[in-house]
Amino acid sequence: MTESHPNTAHSTDILIIGAGPVGLFAAFQVGVLGMQCVLIDALDRPGGQCTELYPEKPIYDIPALPVCTAQELVDRLLEQCRPFGFPIHTGQRAMRVEQQADGRYRVTTEQGMVFDAAVLLIAAGAGAFVPQRVALPEAAALEGDSLHYAVRDMARFAGKRIVIAGGGDSALDWVLALRKIAAHTTLLHRRDNFRAADASVAEMRGAVAAGEMDFVVGMLDALQTQDGRLTGIVVKHKDGTHSLPCDDLIALYGLVTDPGPLANWGLDMQAGRIVVDTTAYETNRPGIFAVGDIALYPNRQKLILSGFHEAALALRKAYRVVYPDKTLVHVHTSNNATLRERIQHS
Ligand SMILES: Cc1cc2nc3c(=O)[nH]c(=O)nc-3n(C[C@H](O)[C@H](O)[C@H](O)COP(=O)(O)OP(=O)(O)OC[C@H]3O[C@@H](n4cnc5c(N)ncnc54)[C@H](O)[C@@H]3O)c2cc1C
C-alpha cells in the first residue's frame, strides 16, 4: 500500500475502483496483460467484504483452494498481484468522474486525490456498504469498544459475556463459534425463526438444550453503561422488559447498501447496481467496465469466482481501449516468460 498524496494527479492505463477480492484479482490480470493500473478503495485496507465482514470465516468455493479463510484469500490475492507493484490508495472514495476531450477519464476522490486513466474498472461491490447500526443514543460512543458490527478477532471475546443480536447467517455462525470461548453467550433475535441455514439453526437449538448458550426472543431496548463501558442491555419482549448483563454486544443486523457517488456517473443502474453487457462487462459508457458484485446482468451470482471471470474478460476488451493500435496476443500464463521472470524476481 502507498501513502496518499492529496492534489497530485496520477496518470495510469486503468483505474480500479474498489480493492475487494475482485479488484485485487483484476490488478493481477492487468499485470499479466502488460498494462498499468492503480487501485483505490474507500476503506482503510484492501479486501472488501472478505476483510470487513467475515475475515475468519472459511470459504470453500474458490477453485483449487479446498478451504481458506476470507482474510487468507485476500492475503493470497495481494501476494499474487504484488510482483507488478501497482499502488493501492486506501481511504480514497471515488466521488466524481469526468470524461476529458481526449476520451480519458478523470476521477476525483472525496479526499482530494485525482486520477487520469484511459479505462475505469469499477469493482465497488455493494457500493458504500455499512453495517446497519444500533439506533440507540448510547450506541455511537460504545462502537469499537464494547459494541461491534463485525468480528475481526475472535480472541478478544474469550472469557467475556457476549450478546449477539440478529437472525441471519452471520449471527448464527458467530454465536456457534464464540460460545466455545466466551464465558457466556446469548443470541437475541426478535422472533423465533431465522434467515439462516437450517443446519446452523438446528446446531444453535442443540447448544441451547445442552446449556452451552441462551437464546432470547425480544428487541434491544436500551444499552446500560458504567464509566463508558457496556454493562448490560435491556430487552423488550411481549411480557415487558428485562435486563441482561454483558460485556460485549455484537449487532449483526446486516448491511445497508448505498451506491453513493456511483449514481451520479451517468451509468445505467438498477437497484443500486451497474448494468453491463456480458460480452466484456462494459457499461453504457465506453471505457468504463463494472465487475464483481456491483455488476448486474441476468442470473449474476454474488460469488467471488464470478467476479474473477468478469475481470479477466473485461480487461481483454480494456486492452483495446488502452492500446488501440496493438493486437492482444493470447498467451497462457504457463507460457509467459516475461511473467515468470517477474514473479521469480519479486
Ligand atoms: C458473510 C459472507 C460470506 C460470504 N461467503 C462467500 C463464499 O463462501 N464464497 C463466495 O464466493 N462469496 C462469498 N460471499 C460473497 C463475496 O464476499 C462477494 O461476492 C465478494 O466480496 C464481492 O467482491 P467485490 O470485490 O466485487 O466487492 P467487495 O468485496 O464488496 O469490495 C468492494 C470494495 O469497493 C470499495 N468501494 C465501494 N465504493 C467505492 C468508491 N466509490 N470508491 C472507492 N472504493 C469503493 C469498498 O470499500 C470495498 O472495499 C460472502 C459474503 C458475505 C457477506
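Just follow the structure's listing: the first ligand is 1, and inside any ligand the first atom is 1.
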- Is the Phe194 ring parallel, tilted or perpendicular to the Phe215 ring (thresholds 30°, 60°)? tilted
- Query: In ligand 1, which numbered atoms sit nearer than 4.0 Å to a non-hydrogen atom of Ala123?
  - Reply: 32 (C), 33 (C), 34 (O)
- So is there a nitrogen or oxygen of Ala94 less than 3.5 Å from a nitrogen or oxygen in ligand 1? yes
- Query: Does Ile294, backbone or side chain, put an N or O under 3.5 Å from an N or O of ligand 1?
  - Reply: no
- Task: Please confirm whether Gln49 comes within less than 3.5 Å of ligand 1 when only nitrogen or oxygen atoms on both sides are compared.
- Result: yes
- Query: Under 30°, 30 to 60°, or over 60°: which ring-plane class applies to Phe308 and Phe25, parallel, tilted or perpendicular?
  - Reply: tilted
- Between Lys180 and Glu212, is there a salt bridge with N-O shorter than 4.0 Å? no
- Task: Go through the steps for Asp116 and Arg106 under the test salt bridge (Lys or Arg N to Asp or Glu O under 4.0 Å), then give the verdict.
- Result: CA-CA 5 Å; Asp116 164 72; Arg106 186 180 169 89; over 6 Å; no
- Query: Under a 4.0 Å N-O cut-off, is there an ion pair linking Arg229 with Asp145?
  - Reply: yes
- Would Glu203 and Arg205 pass as an ion pair if we require N to O under 4.0 Å? no
- Message: Is the contact between Thr109 and ligand 1 made by the side chain, the backbone, both, or neither, using heavy atoms and a 4.0 Å cut-off?
- Response: neither
- Message: Any nitrogen or oxygen of Lys57 lying under 3.5 Å from a nitrogen or oxygen in ligand 1? Just yes or no.
- Response: no
- Task: Heavy-atom contacts with Gly292 under 4.0 Å: which atoms of ligand 1 show up? List them by number with element.
- Result: 26 (O)
- Atoms of ligand 1, numbered as shown, that sit under 4.0 Å from any heavy atom of Gly125: 26 (O), 27 (O), 28 (P), 30 (O), 32 (C)
- Is the closest N or O pair between Arg93 and ligand 1 shorter than 3.5 Å? no
- Item | N/O donor-acceptor pair under 3.5 Å between Tyr149 side chain and Val134 backbone | yes
- Task: Please could you name the atoms of ligand 1 that Ile17 approaches to less than 4.0 Å, counting only its heavy atoms?
- Result: 40 (C), 42 (N), 43 (C)
Report all side-chain donor-acceptor pairs from residues 320-332 shorter than 3.5 Å, counting only partners two or more places apart or in another chain.
residue, atom, partner, partner atom, Å
His330, NE2, His332, NE2, 3.4

- Just let me know how Ala126 lines up against ligand 1, side chain, backbone, both or neither, with a heavy-atom cut-off below 4.0 Å. backbone
- Query: Counting each atom of ligand 1 from 1 as listed, which ones have a heavy atom of Gly18 under 4.0 Å away?
  - Reply: 33 (C), 34 (O), 35 (C)
- Message: Show me which atoms of ligand 1 lie under 4.0 Å from any heavy atom of Lys302.
- Response: 15 (C), 19 (O)
- Task: Using ring pair (Phe, Tyr, Trp, His ring centres under 6.0 Å) as the criterion, list what pairs up with Tyr105, not counting sequence neighbours.
- Result: none
- Query: Does Ile304 approach ligand 1 within less than 4.0 angstrom via side chain, backbone, both or neither, non-hydrogen atoms only?
  - Reply: both
- Query: Are Arg156 and Asp248 ion-paired here, with the side-chain N under 4.0 Å from a carboxylate O?
  - Reply: yes
- Query: Is the shortest N/O to N/O distance between Ser170 and ligand 1 below 3.5 Å?
  - Reply: no
- ligand 1 atoms nearer than 4.0 angstrom to some heavy atom of Ile59 are 7 (C), 8 (O), 9 (N)
- Item | Atoms of ligand 1 close to Gly48 [distance to a heavy atom under 4.0 angstrom, numbered from 1] | 29 (O), 31 (O), 48 (C), 49 (O)
- Is a donor on one side and an acceptor on the other found under 3.5 Å between the side chain of Arg104 and the backbone of Gln100? no
- Query: With a 4.0 Å cut-off, would you call Asp293 and Arg273 a salt bridge?
  - Reply: no
- Query: What part of Gln92 sits under 4.0 Å from ligand 1 if we count only heavy atoms: the side chain, the backbone, both or neither?
  - Reply: backbone
- Message: With respect to Ala42, determine whether any N or O atom, backbone or side chain, lies less than 3.5 Å from an N or O atom of ligand 1.
- Response: yes
- Message: So for ligand 1, is Asp293 a polar contact partner (N or O within less than 3.5 Å, distance only)?
- Response: yes
